[in-house]
Amino acid sequence: MPAAAPTSDLANVADAATTPSAVEVRGLVKRYGEVEALRGIDLTVNTGERFALLGPNGAGKTTLFSILATLRTPTAGSARVLGRDVVTERDAVRRELGIVFQEPAIEQRLSGRDNLLLMGLLYGLPTAAARRRADEILTQLGLAESAGRPAKNLSGGQRRKLELARALVTDPKILFLDEATLGLDVDARRGFWSHVRGLAATGRTVFFTTHYMEEAEVADRIALIDAGRIVALDTPRALKARLGGGVIRLKTDDDAQARTWLTGRGFATDADAAELMLVHADPAAVLPELLRHLPVKVLRAEVHEPSLDDVFLKLTGRGFGSEHASAPPGGGRGGPNGRGRP
Amino acid sequence: MMLRGIYAVVVLDMKRFWLDRARLIAGLAQPLLYLFVLGAGIGSSMGGSMGGGSYKPFIFPGVLGLSQLFTATFAAITIVFDRQIGFFKAVLVSPVPRPAIALGKIAAGALQAYLQGLVVLPFAWLAGVPLGLGPTLALLGAMALASVTFSAMGVAVAARFTSTTVFPIVSNAVLLPMFFLSGALYPLMTAPRWMQLAAHLDPVAYAVDLMRGALLGRFFFNPWLSLGALTAIIALLTWLAVRIFNRGEDDSSLGATNFNWRR
Ligand SMILES: Nc1ncnc2c1ncn2[C@@H]1O[C@H](COP(=O)(O)OP(=O)(O)O)[C@@H](O)[C@H]1O
Ligand SMILES: [Mg+2]
C-alpha cells in the first residue's frame, strides 16, 4: 500500500485484502521476432489507484497496455486485470476495461455522438440506452455542443476528450490511458487531466502511460520503465527522495576534464549523461566551493530539487526528453539506487 | 451478444456507407459502360447469333453481377483500412465475439452490394429487358444470394491482408478473371469446353447464371445446382472468415506483415 495514497483509509485497506488487484503482472515477456519489447515485468496496481508508467519511447509501454487490453498475447509470464487472466478470460477482461489508445481510435468521418452510440452497441446496449448514455457522457465531458460534427473537424483537445468519452461509455472499472495527451498543448492537457482526476476520485482505477514528467507527478505511484524493464516503482515523493538532497547541473568549456576532476574528489557524477549532473545532500552549500576550485571554466550552473527526470537519469544513465535522445544507451543502469523493485 | 455484435458492426459500416452514398451513383458508370457501349458494339456485330434474344438483355444480369461484385469487394477493403487506423481497435477490445465481427462485415458488405444492385436494376428497362412481376421477384432473390456470396468472398480474402496497397491489386487480379470466365458477357453454352469447365469452379458464374435464369428463363447450370453451389460457397467462406477473425488475437495493426497465408 502506498503510504502517500490519500484514499487509503482503513476500509480500503481491508477491502484490498479481499478484492483482487486492479492489475497484476508477473514475469511478463513479449518478443516481436528479434525485438524483446518486455523483458520480465512485475507490477501490481491496486484498485482505485492512479498509477503511472513513465518511460521513453520504445520502452514497452504500449506493448504492455496492448497485452493488458487483450490485443496481444504475452510470450511468457501472466497478466491479470481485476483478477481475470488476460489470455484465458479475455471476454471478461474486455467487458471491464476502458482504454484510450496512443493512436486515434474513433471513426473520424462520423460524429462524436455516432461514435459513442456505436460503442454502446458494441457493448450490448440497446439503441435507445446507447444513445442516452452517449449524450450523458458527452455532456459530462463538455462535448455536447460539438458532438454533431464529424470527429475530424474537432480540435485536437476535443478529439482526445472524445477518445476518453469512448473509453468511458461503458463505465469501466479500470481505465487505461496510453499517452492520452500526446501532442496536446498545455491547456488542453490540463483540461484532460482535470477530467481524469474526477474519474479517479470516484474510485475508478486509472493506469496511464506518459512521457510528460509533470503528468506522472499526479499519480499515487509511478513505475519507471526502460527498455522493457521496470527500473523503479514508488510514490513520486519517495522516488525523488532516493536521490537525496538536490541536483547540480553544470555546463563547462571542458565537461570531460571537469568530470574527471569531480570524480577524483569523490563526487558522484553520471558517466553517460549528456550533461554534467551531480547529486549532493546540500547542493547550495557545495556549489560555491566547486565554482572556486574547478580547473575548467564554468559557463552555467543550476541547482534544483530532484525531478523525476533526474531520477530516471540517475537510474538509467539517460533522460528521456528529446535533448537526451542521442545519449548512448546502456551503462550506468542500476547505479547506487538501481534495484528499484519493491 | 452475438446478434447485438453483428448488429453493431453492420450499423457502423452502413453509417459509413451512407456518408459515401454518392458512390451508389458513381458505381453506375462501370456497369452502364459495359451494358450500353460493349452491349451496343458487340451486340450489333453478333446480329442474331444469341439464339433468340438480343445481346443487351443477355448481358444485363452479368452487368448487375459485376456491380455487386465490385461493391462487395470495396466494402471488404474497409477491413484492411480499419486494421491500420481507427475505430476498429475499439471494436477489437470490446466484448463483441470475433465471429460476430466477421459475420457483421459479411452482412454489411452484402447489404451494400444489394443496394448497388437495386440502383442498377431500373436500367433493365433501357436495356430492353421486360421486368415482369414473377421474374423480378425471382431476380431479387438471386441478387440477394449473389450479394452474400460476393461479400463473403471479399471478407474471407481481405481479412488476410494488412496492407491497403496490396489488397486492391490482388483483388483486381482475381476479380476480373472470375468475372470474364463467368459467362456474364457471352453464353457459356457455346463457349469452348475449357471455359465451361472453368465456369464450374467460378462462384460468379453460378451467381450470374442464376440471376439470368430468373430474369430471362435461360439457364446454363441447373438452378438447383447453382443454389446448392452458392450456399456451399457462402458456408465455406463464412467459416474461413470467422476462423481468421477468431484466431487473430495478436492483431492490432502495429508492424504486421503485408499478407499472411497462415492466418
Ligand atoms: N508490432 C511490432 N513489431 C515489432 N516490434 C515492435 C512492435 N511493436 C513495438 N515494437 C518494438 O517494441 C519496443 C517497445 O515498443 P512500444 O511498446 O511501442 O514502446 P512505447 O509505447 O513505450 O513507446 C520498441 O522497440 C518497438 O520498436
Ligand atoms: Mg507507446
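Proteins come first, then strands; the chains are lettered A, B, ... in the order of their sequence lines, and each starts at number 1.
Of all the listed residues (A:Ile106, A:Ile67, A:Val87, A:Leu97), the one sharing the greatest number of non-hydrogen pairs under 4.5 Å with chain B is A:Ile106. Here A:Asn115 is the residue among A:Ile99, A:Thr170, A:Val93, A:Asn115 with the most heavy-atom pairs under 4.5 Å with chain B.
Considering all non-hydrogen atoms of both residues, A:Leu71 and B:Leu92 come closest at CD2-CB, 3.6 Å. The two residues B:Ala90 and A:Ala105 make their nearest non-hydrogen contact at CB-O, 4.0 Å.
Summarising the geometry, atom CG belonging to A:Asp91 is positioned 8.5 Å from atom CZ belonging to B:Arg98; distances are rounded to the nearest 0.5 Å.
Using non-hydrogen atoms only and a strict 4.5 Å limit, the part of residues 120-133 of chain A facing chain B consists of A:Leu121, A:Leu122, A:Tyr123, A:Gly124, A:Leu125, A:Pro126, A:Thr127.
Residue-environment remark: CZ (B:Phe36) exceeds the threshold of 12 foreign heavy atoms within 6.0 Å.
Inter-residue side-chain proximity for B:Lys15 and A:Leu117 is flagged as met; some heavy-atom pair is nearer than 4.5 Å. Looking at B:Leu19 and A:Leu110, their side chains come closer than 4.5 Å, going by heavy atoms from C-beta outward. At least one side-chain heavy atom of A:Glu103 sits less than 4.5 Å from a side-chain heavy atom of B:Lys89.
Across A:Arg166, A:Gln108, A:Arg109, a single residue satisfies side chain to side chain contact (heavy atoms under 4.5 Å, CB included) together with B:Phe87, and that is A:Arg166.
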